[in-house]
Student: 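Once you've had a glance at the structure underneath, I'll fire off some questions.
Chain A is the first sequence line, chain B the second, and so forth, proteins listed ahead of strands; every chain is numbered from 1. The figures here come from the full heavy-atom set of this structure, side chains too, leaving out hydrogens, waters and symmetry mates.
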2 protein chains.
Amino acid sequence: MSKAALTRIHILQKAFDLIYRQGFQATSIDEIIATTELTKGAFFYHFKNKDEMGLAMIRELLAPAMQIALIEPLQKAEDPLDAIYEMMESILLKDSFFLSSYGCPAVNLIDEMSPVNESFRLALLEIMMAGKEAMEATIQRGMDQGRIRKDVKPSQVSAFVLIGYSGVRNMGKLVGAACYPIYLRELRTYLQNLA
Amino acid sequence: MSKAALTRIHILQKAFDLIYRQGFQATSIDEIIATTELTKGAFFYHFKNKDEMGLAMIRELLAPAMQIALIEPLQKAEDPLDAIYEMMESILLKDSFFLSSYGCPAVNLIDEMSPVNESFRLALLEIMMAGKEAMEATIQRGMDQGRIRKDVKPSQVSAFVLIGYSGVRNMGKLVGAACYPIYLRELRTYLQNLA
DNA sequence: CAAAAAACATACCAGATAGTATTTTATGTC
DNA sequence: GACATAAAATACTATCTGGTATGTTTTTTG
């Protein structure tokens with residue numbers, strides 16, 4: 001990896017840290033470059049403008065992170081319902097990077113940017129759709145195995161679970177991580193009723 | 001109501017409209033007063049600063065609106081589970097003010113402001129706690145009536161429903177109102193399983 | 001090693017932003 | 001109707017913001 005490519009992702013990483021905590025619009029370019037050892041010249045050499053940097057951040061950092069946190073745990077699992085629950089438990093309770101008080105970076109960006117920037121919306125939509133499809137496939141697998149009722153609609157269930165995830169992230173900002181176990185308990189009974 | 005009091009809530013209402021669509025930090029005072037027929041002098045006569053205006057808006061406009069949308073439908077209902085479902089259906093599908101593409105103003109503010117402003121967090125917390133308590137009481141009523149199983153935990157269920165609400169608001173920004181009916185269907189089966 | 005191009009630094013700008021200081025206009029009260 | 005005060009208008013400022021223009025330093029390549 002070239003030195004230039006390294007400074008590029010260095011900028012993206014520092015930007016990610018700040019945007020995660022403050023939001024995209026509330027994080028200035030000056031603030032980002034201040035945390036790196038770089039200047040504005042470097043920033044605008046690597047990125048056409050702030051929006052392009054944000055989109056690059058979504059595609060190159062956020063999407064892979066969500067892939068690892070959301071999708072991969074679903075794919076390498078035996079019992080599908082357990083897999084969904086454990087994925088959720090892991091991302092909420094064990095993941096040390098996604099802090100409760102700052103929510104989930106993907107959910108945050110959806111909330112902030114979807115209504116005001118169509119490019120952001122589409123980039124974030126891709127991430128969530130990938131997660132949804134992975135969960136659908138997992139549920140379908142469970143139905144094929146006879147572990148899940150035949151009348152269950154994979155698309156609806158996966159949507160409901162993802163909705164719960166973004167919801168509990170929002171609630172977590174308000175009341176802290178205390179709501180995570182509560183949500184997980186109800187999620188568990190909801191999932192059990194699918195069997 | 002004095003003329004001064006009228007201009008005060010006029011400012012708050014216009015601010016609410018803009019903040020609902022753009023977020024609090026992304027909405028400037030100049031923008032707010034431009035939509036009114038007023039000037040900065042009026043704004044800073046009625047509010048010490050932007051934050052105080054935001055808090056007044058939450059307390060004087062948002063809290064009553066949420067009270068009407070969330071709490072009152074729960075209180076004047078016979079069957080508790082139906083009441084919860086219908087409240088949710090009403091707020092998602094029938095309410096013409098809370099637009100899908102802009103989500104719910106309360107959820108939006110929680111997402112944006114909770115991590116960065118403790119006063120906002122507390123004001124928003126009150127709103128959500130009031131909603132949660134109303135739903136808890138409704139569920140408890142259902143248990144007393146024998147319409148809901150004895151092992152159901154009102155606190156957990158109401159938390160789960162509110163989490164679902166904020167989650168579907170987030171998802172609605174990403175994919176539009178199409179996700180509302182999907183969420184409602186799964187919510188219905190979830191609620192039915194409590195009986 | 002010299003030229004060319006890439007990578008980054010510096011200095012600057014125009015517009016926006018929250019907030020202030022001061023002045024003007026309404027409004028109520030005696 | 002004079003007077004006090006409330007309500008609002010005007011003019012201004014310091015700071016911040018995204019972005020540009022133009023340098024300077026590396027790095028690559030012939």
Student: Going 5' to 3' on DNA chain C, which nucleotide is the first and which the last to come under 4.0 Å of a heavy atom in chain A?
Tutor: C:dA6 to C:dT10
Student: How long is the line joining CG of A:D30 and P of D:dG18, in whole Å?
Tutor: 7 Å
Student: Do you reckon A:M66 sits in the same ILVMFWY cluster as A:I9, going by side-chain contacts under 4.5 Å, direct or chained?
Tutor: no
Student: DNA chain C in dot-bracket, Watson-Crick or G-U pairs under 3.5 Å, [ ] crossing, | other strand?
Tutor: ||||||||||||||||||||||||||||||
Student: Checking B:D17 against B:Q13 for the side chain to side chain donor-acceptor pair (under 3.5 Å) test, could you report, in this order, the C-alpha distance in whole Å, the side-chain angles of both residues, the deciding distance, and whether it holds?
Tutor: CA-CA 6 Å; B:D17 291 349; B:Q13 276 163 348; over 6 Å; no
Student: Between the main-chain N or O of B:T189 and the side-chain N or O of B:N193, is there a donor-acceptor pair closer than 3.5 Å?
Tutor: yes
Student: For B:S2, which contact category applies under a 4.0 Å heavy-atom criterion: base, sugar-phosphate, or nothing?
Tutor: nothing
Student: Any N/O pairs under 3.5 Å between the protein and nucleotides 23-26 of chain D? List them or say none.
Tutor:
none

Student: Strictly distance-based, threshold 3.5 Å: is any side-chain N or O of A:R121 a donor or acceptor partner for the main-chain N or O of B:L174?
Tutor: yes
Student: If hydrophobic clusters are built from ILVMFWY residues whose side chains come within less than 4.5 Å, do A:V157 and A:M88 share one?
Tutor: yes
Student: Near DNA chain D, which residues from residues 113-121 of chain B have a heavy atom under 4.0 Å away?
Tutor: none
Student: Which pairs count as side chain to side chain donor-acceptor pair (under 3.5 Å) when at least one residue sits in residues 127-139 of chain A, sequence neighbours excluded?
Tutor: A:K132-A:E136, A:K132-A:S155
Student: Look at the side-chain heavy atoms of Ile, Leu, Val, Met, Phe, Trp and Tyr, link any pair under 4.5 Å apart, and say whether B:L70 and B:Y85 land in one connected group.
Tutor: yes
Student: Scan side-chain atoms only and decide if A:E112 and A:Q25 contain a donor-acceptor pair under the 3.5 Å cut-off.
Tutor: yes
Student: Indicate, with a heavy-atom threshold strictly under 4.0 Å, whether B:E37 touches base, sugar-phosphate, or nothing.
Tutor: sugar-phosphate
Student: Judged by atom type as modelled, is there a donor-acceptor pair below 3.5 Å linking the side chain of B:Y20 to the main-chain atoms of B:G103?
Tutor: yes
Student: Which part of the nucleic acid does A:T27 contact within heavy-atom distance under 4.0 Å: base, sugar-phosphate only, or nothing?
Tutor: sugar-phosphate
Student: So, B:K173 side chain and A:P115 main chain: donor-acceptor pair closer than 3.5 Å or not?
Tutor: no
Student: Side-chain donor-acceptor pair under 3.5 Å between A:R169 and A:Y180, yes or no?
Tutor: yes
Student: Given B:F160 and B:Y190, is the ring-ring contact (aromatic ring centres under 6.0 Å, His included) satisfied, shown in steps?
Tutor: CA-CA 10 Å; B:F160 191 70; B:Y190 167 76; 4.7 Å; yes
Student: Is B:M57 reachable from B:I68 through a run of I, L, V, M, F, W or Y residues, each pair having side-chain heavy atoms under 4.5 Å apart?
Tutor: no
Student: Applying the side chain to side chain contact (heavy atoms under 4.5 Å, CB included) test to B:F24, which of B:D51, B:N117, B:L18 qualifies?
Tutor: B:D51
Student: Can any side-chain N or O of A:S166 pair as donor or acceptor with the backbone N or O of A:I163 at less than 3.5 Å?
Tutor: yes
Student: Hey, can you pull the residues of residues 39-50 of chain B with a non-hydrogen atom under 4.0 angstrom from DNA chain D?
Tutor: B:T39, B:K40, B:G41, B:A42, B:Y45, B:H46
